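Below: the structure, in structure tokens.
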Number of protein chains: 2
Amino acid sequence: METTDAVKRLSALAQDSRLAVFRLLVRAGPEGMAAGEIARALEITPNTLSAQLTVLANAGLTTSRRDGRSIIHAADYEGMSGLLVYLMEDCCQGRPEVCAPLAEAASRAACCEGAQA
Amino acid sequence: METTDAVKRLSALAQDSRLAVFRLLVRAGPEGMAAGEIARALEITPNTLSAQLTVLANAGLTTSRRDGRSIIHAADYEGMSGLLVYLMEDCCQGRPEVCAPLAEAASRAACCEGAQA
DNA sequence: TCTATATTTCCACATATTTGGAATTATGGA
DNA sequence: TCCATAATTCCAAATATGTGGAAATATAGA
């Protein structure tokens with residue numbers, strides 16, 4: 001991933017309500033949630049939410065599809081991975097001891113056993 | 001980590017030159033770099049860099065110590081870990097398949113074998 | 001103490017971001 | 001076709017952010 005994209009993704013997440021939206025979608029899983037549902041859950045006005053979802057989508061952190069009158073938004077786990085990899089990328093230039101805390105954090109976060117590819 | 005801190009850290013990284021500074025420090029390792037050295041490396045004026053380093057430090061992403069006339073700045077790997085854990089936290093609410101890409105990314109990024117705690 | 005170097009603080013300007021009201025577009029059902 | 005619901009677009013105002021010039025502070029050495 002390019003630096004430009006990383007900054008875009010970080011910026012998208014670097015805001016209270018947008019981070020809340022993203023985390024809600026992460027918790028919602030691959031099925032996602034309708035925009036209106038998200039707006040009600042987080043008490044954000046629909047037009048503001050729409051703008052925020054646009055930012056997240058442009059950054060490559062969410063996807064959307066229409067279902068009837070609703071637009072269903074979902075977290076883009078691949079996009080998220082890309083960012084995490086980018087952030088950890090330079091951590092150990094021949095210095096294993098440096099990235100130990102990061103690697104440890106990553107494995108701790110890999111909460112569900114089955115996921116340990 | 002609290003959401004407020006996460007937003008602070010994301011905001012700190014969500015800017016071209018600040019991300020460049022942080023990555024340079026990550027690459028520099030625990031010994032860190034003098035402010036002037038960073039400024040020359042990235043062609044940023046010293047006062048601007050100073051402001052940016054303040055943001056990174058306040059976010060808990062860098063530390064600093066004086067050494068003679070220089071101030072040495074270093075990446076705070078623990079602070080970084082905290083953010084990564086926070087971001088991955090909610091990824092698999094009983095859905096192992098969801099966080100698989102994230103876990104995979106994390107282990108791929110744990111580049112140096114010795115670091116696999 | 002005086003001078004040079006390293007960094008920070010103060011300040012102001014230019015730019016970007018966040019937000020919501022009002023209007024608009026899209027879909028489904030009667 | 002007409003209406004209600006769902007979401008978006010347009011626009012403008014308030015706020016926040018990034019930047020660098022000039023001045024101030026801190027340290028080392030002569």
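Only heavy atoms go into these numbers, but all of them, side chains included; no hydrogens, no water, no symmetry mates. Every chain is numbered from 1 and lettered A, B, ... according to where its sequence line falls, protein lines coming before strand lines. From a predicted model like this one, the values you see are computed outputs, not experimental measurements.
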Inset, instruction - Decide yes or no for A:Tyr86 and A:Thr3: does some side-chain heavy atom of the first lie under 4.5 Å from some side-chain heavy atom of the second? - result: yes
Legend entry - Side-chain heavy atoms of A:Met33 within contact of A:Leu24, under 4.5 Å: yes
Legend entry - Any donor-acceptor N/O pair, A:Arg9 side chain to A:Gly79 backbone, under 3.5 Å: yes
Inset, instruction - Spell out, as yes or no, whether a donor-acceptor pair under 3.5 Å connects the side chain of A:Arg66 to the backbone of A:Gly68. - result: yes
Nearest-Å distance, [atom1] ([X]) to [atom2] ([N])?
X       : N      : atom1 : atom2 : value
B:Asp67 : C:dA6  : CG    : P     : 12 Å
B:Ile38 : C:dA6  : CD1   : C1'   : 13 Å
A:Leu53 : C:dT17 : CG    : P     : 17 Å
B:Leu49 : C:dA6  : CG    : C1'   : 12 Å
B:Asp16 : C:dT15 : CG    : P     : 17 Å
B:Leu56 : C:dT8  : CG    : P     : 12 Å
A:Ile44 : C:dG20 : CD1   : P     : 9 Å
B:Arg40 : C:dT5  : CZ    : C1'   : 11 Å

Legend entry - Bounds of contact between DNA chain D and chain A, in 5' to 3' order, using a heavy-atom cut-off under 4.0 Å: D:dA4 to D:dT9
Under 4.0 Å between a side-chain N/O of [X] and OP1 or OP2 of [N], yes or no?
X       : N      : result
B:Ser70 : C:dT7  : yes
B:His73 : C:dA6  : no
A:Thr48 : C:dG20 : yes
A:Gln52 : C:dT17 : no

Legend entry - Cationic tip of A:Arg27 above A:Phe22 ring, under 6.0 Å, 45° of axis: no
Legend entry - First of A:Arg69 and A:Ser17 reached from the 5' end of DNA chain C, by closest nucleotide: A:Ser17
Inset, instruction - Report the residue from B:Thr63, B:Ile38, B:Leu61 that forms a side chain to side chain contact (heavy atoms under 4.5 Å, CB included) with B:Leu25. - result: B:Ile38
Legend entry - Side-chain donor-acceptor pair present, B:Ser17, B:Gln15, cut-off under 3.5 Å: yes
Inset, instruction - Just compare C:dT8, C:dG20, C:dT19 and give me whichever is closest to any side-chain atom of A:Ala51. - result: C:dT19
Inset, instruction - Report which part of the nucleic acid A:Ala39 touches: base, sugar-phosphate, or nothing (heavy-atom distance under 4.0 Å, all strands). - result: nothing
